[in-house]
Amino acid sequence: NWDEKDDGDDVEAEADAKGGESVDIGRVRVPKPKKVTVDDDKLLDRFFVMSYIWSLGGNVSDPSRPKTDDFFRRQIQTHLPDTDFPSTGSIYNYVVHKGGNTFVPWDYKVANFRYKPGQAFFDMLVQ
């Protein structure tokens, strides 16, 4: 969806609204990207890169992912160098943050687990 008000932080806002206590589940905390004036052309290029990775590389078997990673990185750096695609980690580890007009690790989109003291164990849902 292309929503001007959507900054890509919907998961975090929803978790905060539900309340409860935050539990560190061992994932790396990724700082919120600084909100910038969005350059639509660059943002579109970044979404294209993400679509390229997942539409062509989504069916690649695990043993082939390192070769696919190398090939895709060369293609991105050659044809779309202005996207500033991260040079570390797997190509599959990143998602576009619209408000920051940048790539962030998928971990950024996963809200911390929040629980409510006294809630029955079987009523808990970890998303």
Side-chain angles (χ1 to χ4, degrees):
N1 77 29
W2 191 262
D3 181 358
E4 292 292 326
K5 295 178 185 172
D6 181 9
D7 64 357
D9 294 326
D10 50 334
V11 173
E12 293 78 10
E14 182 179 331
D16 289 339
K18 288 182 180 177
E21 296 180 32
S22 178
V23 176
D24 182 4
I25 57 174
R27 70 180 178 93
V28 177
R29 275 206 194 273
V30 179
K32 183 175 182 174
K34 181 180 176 186
K35 192 161 181 135
V36 298
T37 303
V38 176
D39 176 347
D40 288 340
D41 290 339
K42 280 192 175 186
L43 187 61
L44 183 62
D45 286 347
R46 288 185 174 105
F47 275 115
F48 174 81
V49 167
M50 189 175 139
S51 299
Y52 170 66
I53 290 168
W54 283 100
S55 63
L56 298 177
N59 282 330
V60 173
S61 63
D62 284 344
S64 299
R65 285 194 174 198
K67 288 182 182 178
T68 304
D69 190 291
D70 290 340
F71 175 76
F72 280 24
R73 278 187 195 279
R74 284 194 312 271
Q75 295 300 309
I76 293 166
Q77 289 169 354
T78 301
H79 301 290
L80 293 165
D82 292 340
T83 59
D84 300 322
F85 192 79
S87 59
T88 60
S90 168
I91 58 172
Y92 300 101
N93 289 351
Y94 296 97
V95 63
V96 176
H97 185 279
K98 291 194 299 189
N101 196 6
T102 189
F103 288 98
V104 293
W106 278 103
D107 285 345
Y108 181 79
K109 297 296 287 179
V110 179
N112 271 340
F113 172 63
R114 295 176 187 272
Y115 74 98
K116 295 179 181 168
Q119 184 177 20
F121 177 77
F122 292 103
D123 291 336
M124 291 183 192
L125 176 63
V126 179
Q127 298 178 339

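These numbers were taken from a predicted model, which means no experiment stands behind them.
Separating the NE2 atom in His97 from the CG atom in Leu43 is a distance of 11.0 Å, to the nearest 0.5 Å. For the atom pair CD of Gln75 and OH of Tyr52, the computed distance is 4.5 Å after rounding to the nearest 0.5 Å. Interatomic distance, OG of Ser64 versus CG of Asn59, reported as 11.5 Å (0.5 Å rounding).
Within the 3.5 Å criterion, the main-chain N or O of Thr102 finds no donor-acceptor partner in the side chain of Tyr94. Looking at Asp45, its side chain never comes within 3.5 Å of a backbone N or O of Thr83 through a donor-acceptor pair. Between the side chain of Trp106 and the main chain of Tyr92, a donor-acceptor pair closer than 3.5 Å is present. At least one donor-acceptor pair under 3.5 Å links the side chain of Thr78 to the backbone N or O of Arg74.
Residues Lys42 and Asp82 approach most closely at CE-O, 4.2 Å, considering heavy atoms. The shortest non-hydrogen separation linking Phe103 to Asp84 is CD1-O, 4.2 Å. The two residues Ile91 and Thr68 make their nearest non-hydrogen contact at CD1-O, 4.3 Å. Here the shortest heavy-atom pairing between Met50 and Val96 reads SD-N, 3.6 Å.
Taking Phe48 as the reference, nothing meets the ring-ring contact (aromatic ring centres under 6.0 Å, His included) condition, with sequence neighbours excluded.
Both the sub-6.0 Å distance and the 45° axial angle are not jointly satisfied by Arg73 relative to the ring of Phe85.
Residues Pro105 and Asn93 form no side-chain contact, since every pair of their non-hydrogen atoms from C-beta on lies 4.5 Å or further apart.
Classification of Arg65 and Asp62 as a salt-bridged pair holds, one side-chain N sitting under 4.0 Å from a carboxylate O.
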> Going through the checks in order, is the side-chain contact (heavy atoms from CB on, under 4.5 Å) test met by Ile53 and Ile76?
Replying inline: CA-CA 10 Å; Ile53 290 168; Ile76 293 166; 4.1 Å; yes
